Undergrad: 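Below is a structure I'd like to ask you about.
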There are 2 protein chains.
Amino acid sequence: MKELKQRSTCPVSTSLDVLGDKWTLLILRDMVFAGKSTYGQFLQSAEKMATNILADRLAVLEEQGLLTKAVAADKKSKFTYRLTEKGLDTVPIIVELVLWGAKHCPTIADPSLMAELQSGKSAAVEKYQQLAREKALA
Amino acid sequence: MKELKQRSTCPVSTSLDVLGDKWTLLILRDMVFAGKSTYGQFLQSAEKMATNILADRLAVLEEQGLLTKAVAADKKSKFTYRLTEKGLDTVPIIVELVLWGAKHCPTIADPSLMAELQSGKSAAVEKYQQLAREKALA
DNA sequence: CATTTGCACTTGCAATTCGCAAGCAAATAT
DNA sequence: ATATTTGCTTGCGAATTGCAAGTGCAAATG
């Protein structure tokens, strides 16, 4: 696994040290908005992430305390990944990425999600954080 | 210059296709919060970005319409980079990265900026966008 | 007018990281 | 007992990164 080094003490820079690549925030997106929680589910996303990259990013995210890894309730050969509060706090970042992408890039965004975000951003953020929290308890 | 390819039509993914690396958002941060506008100024940031990476990212950002490049008013051998509206719209993303980094990573954040962000996020976003707009006109 | 300085890159190259395919081991399913 | 599912690990060629040095141009200096 790549070791994380801090390039400066600027908050933007330290955030990007953890989240600043093309895959990490997609994993978090899948957990928050698609309710995914297993390795196999993450592999099935439209962006087709490579298996070694996924394994590496999950390990970094666990090490950095954004998610926890536990043996699944139904199968011992499966793991369940859940967001911690630190991980849940990335939801506002992901939401801003959704809004920017939907406005400025050719995308196909979920209309109901877009309506929800535009009618009340912070309410939507809290709703998805709460949904993910409930998943973590189940 | 790297050509940009879209991995999927998800808004998060398309945003990350442009912004998802360790350097791009630092350039935008320097333009928005430090008022930087030249190649030499970007090189002086604490994170010490390599010159070829900077040149590449500036070219991508220009191609993607987040900033414009123009000969400087004072010197013909200098260029001035300014944010477009598309570029200014990344300010909310940067703000969320500031808040997440300041909360969860060991950072040294500007206390007056933090107070400003916590007392009214959207007001602060609009203020820094307006400051950058005024710079672009000057 | 020749020379130096500053600025904005460009080039070369070694090292790291990525992405694809294949392989592997343990737990289930048949 | 055998096959399949699940979650990785490994190997390797290709792409990207990071560092150092070099280039070209304009303005300042002598």
Side-chain angles (χ1 to χ4, degrees), chain A residues 1-8 13 16-27 30-31 34-64 67-82, chain B residues 1-8 13 16-27 30-31 34-64 67-82:
Chain A
M1 187 198 351
K2 72 170 179 191
E3 60 167 311
L4 221 66
K5 66 174 169 198
Q6 205 174 41
R7 291 173 294 173
S8 81
S13 162
L16 291 174
D17 288 336
V18 180
L19 306 170
D21 75 280
K22 298 219 180 295
W23 298 110
T24 300
L25 283 163
L26 292 184
I27 298 174
D30 284 347
M31 296 184 81
K36 295 183 183 177
S37 58
T38 68
Y39 187 92
Q41 288 177 323
F42 297 133
L43 281 184
Q44 283 158 30
S45 63
E47 293 86 9
K48 296 293 167 208
M49 144 169 41
T51 59
N52 54 346
I53 307 282
L54 174 58
D56 179 83
R57 294 303 182 277
L58 286 172
V60 171
L61 285 172
E62 190 190 1
E63 194 202 42
Q64 295 297 314
L67 49 78
T68 58
K69 180 183 183 176
V71 174
D74 53 335
K75 277 186 183 181
K76 279 184 194 167
S77 63
K78 252 168 101 173
F79 292 105
T80 301
Y81 296 92
R82 296 295 181 201
Chain B
M1 189 196 352
K2 72 168 179 191
E3 59 167 309
L4 219 66
K5 67 175 168 197
Q6 205 173 39
R7 292 172 294 173
S8 81
S13 164
L16 291 174
D17 288 337
V18 180
L19 307 171
D21 75 281
K22 297 216 180 296
W23 299 110
T24 300
L25 284 164
L26 292 184
I27 297 174
D30 285 347
M31 296 183 80
K36 295 183 183 177
S37 59
T38 67
Y39 188 91
Q41 288 176 325
F42 296 133
L43 280 184
Q44 284 158 28
S45 62
E47 294 85 9
K48 297 292 166 209
M49 139 169 46
T51 59
N52 55 346
I53 307 281
L54 174 58
D56 179 84
R57 293 303 182 277
L58 286 172
V60 171
L61 285 172
E62 190 190 2
E63 193 201 41
Q64 294 298 314
L67 50 79
T68 58
K69 180 182 183 176
V71 174
D74 53 337
K75 276 189 185 179
K76 279 184 194 168
S77 62
K78 248 167 106 175
F79 292 104
T80 301
Y81 296 92
R82 295 296 181 200

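Note that the coordinates shown come from a computational prediction; the quantities given were computed from them, not determined experimentally. Values below: every heavy atom of this structure, side chains too, minus hydrogens, waters and symmetry copies. Proteins come first, then strands; the chains are lettered A, B, ... in the order of their sequence lines, and each starts at number 1.
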Undergrad: Quickly work out the L54(A) CG to dT17(C) P distance and round it to whole Å.
TA: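 It works out to 18 Å between those atoms.
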
Undergrad: Taking only N and O in the side chain of R57(A), is any of them less than 4.0 Å away from OP1 or OP2 of dC18(C)?
TA: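 Yes, R57(A) has a side-chain N/O under 4.0 Å of OP1/OP2 on dC18(C).
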
Undergrad: With a 4.5 Å heavy-atom cut-off, do F79(B) and L58(B) have their side chains touching?
TA: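 The answer is no; the side chains never approach within 4.5 Å.
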
Undergrad: Take W23(B) and L54(B) through the side-chain contact (heavy atoms from CB on, under 4.5 Å) test and state the conclusion after the steps.
TA: CA-CA 8 Å; W23(B) 299 110; L54(B) 174 58; over 6 Å; no

Undergrad: What's the shortest heavy-atom distance between D17(A) and K22(B), and which atoms?
TA: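 Looks like O-NZ, 3.2 Å.
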
Undergrad: Name the closest nucleotide to the K78(B) side chain, picking from dT9(D), dC7(C), dC9(C).
TA: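 Nearest listed nucleotide: dC7(C).
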
Undergrad: Would you mind reading off the distance between Q41(B) atom CD and dC7(C) atom C1', rounded to a whole angstrom?
TA: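 The answer, rounded to whole Å, is 12 Å.
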
Undergrad: How many whole angstroms separate atom CG of D21(A) from atom P of dC18(C)?
TA: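 The distance from CG of D21(A) to P of dC18(C) comes to 7 Å, rounded to the nearest Å.
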
Undergrad: Can you tell me if Q64(A) uses its side chain to pair, donor with acceptor, with the backbone of V60(A) under 3.5 Å?
TA: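 No, because the side chain of Q64(A) does not come within donor-acceptor range (under 3.5 Å) of the backbone of V60(A).
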
Undergrad: Between dC18(C) and R7(B), is there an OP1 or OP2 to side-chain N/O distance shorter than 4.0 Å?
TA: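 R7(B) to dC18(C) OP1/OP2: no side-chain N or O under 4.0 Å.
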
Undergrad: Please output the side-chain donor-acceptor pairs of residues 69-76 of chain A that fall under 3.5 Å, not counting sequence neighbours, one pair per line with the distance.
TA:
none

Undergrad: List the protein contact pattern of nucleotides 20-30 of chain C with one symbol per nucleotide (5' to 3'): B for base contact, S for sugar-phosphate-only contact, - for none; contact means a heavy-atom distance under 4.0 Å.
TA: BBB----SS--

Undergrad: Rounded to whole angstroms, how far apart are CG on L61(B) and C1' on dC9(C)?
TA: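 Rounding to the nearest Å, CG of L61(B) and C1' of dC9(C) are 16 Å apart.
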
Undergrad: Could you state the CG-C1' distance from D17(A) to dT17(D), rounded to the nearest angstrom?
TA: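 About 15 Å, once rounded to whole Å.
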
Undergrad: In whole Å, what is the span from the NZ atom of K22(B) to the C1' atom of dT16(C)?
TA: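 Taking atom C1' of dT16(C) as the reference, NZ of K22(B) is at 13 Å.
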
Undergrad: Without decimals, in angstroms, what is the distance between L58(A) CG and dT6(D) P?
TA: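 For the pair L58(A) CG and dT6(D) P, the rounded distance is 16 Å.
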
Undergrad: Less than 4.5 Å apart, any side-chain heavy atom of Y81(B) and any of K36(B)?
TA: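 Sidechains of K36(B) and Y81(B): no contact.
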
Undergrad: When the distance from CG of L4(B) to P of dA15(D) is rounded to whole Å, what number comes out?
TA: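 Checked: the CG to P distance equals 16 Å.
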
Undergrad: Among all residues two or more places apart in sequence or in another chain, which pass the side chain to side chain donor-acceptor pair (under 3.5 Å) test with S8(A)?
TA: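 Testing S8(A) for side chain to side chain donor-acceptor pair (under 3.5 Å), a comparison that skips the adjacent residues, returns S13(A), E47(B).
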
Undergrad: For Y81(A), answer base if it contacts any base atom (sugar-phosphate contacts may also be present), sugar-phosphate if it contacts only those atoms, and nothing otherwise; contact means non-hydrogen atoms under 4.0 Å.
TA: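 It contacts sugar-phosphate atoms only.
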
Undergrad: Out of dC8(D), dC9(C), dA8(C), which nucleotide sits closest to the side chain of K69(B)?
TA: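 Comparing dC8(D), dC9(C), dA8(C) against the side chain of K69(B), the answer is dC9(C).
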
Undergrad: Do the side-chain N or O atoms of W23(A) get closer than 4.0 angstrom to the phosphate oxygens (OP1, OP2) of dG19(C)?
TA: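 Answer yes for this pair, as a side-chain N or O of W23(A) is under 4.0 Å from OP1 or OP2.
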
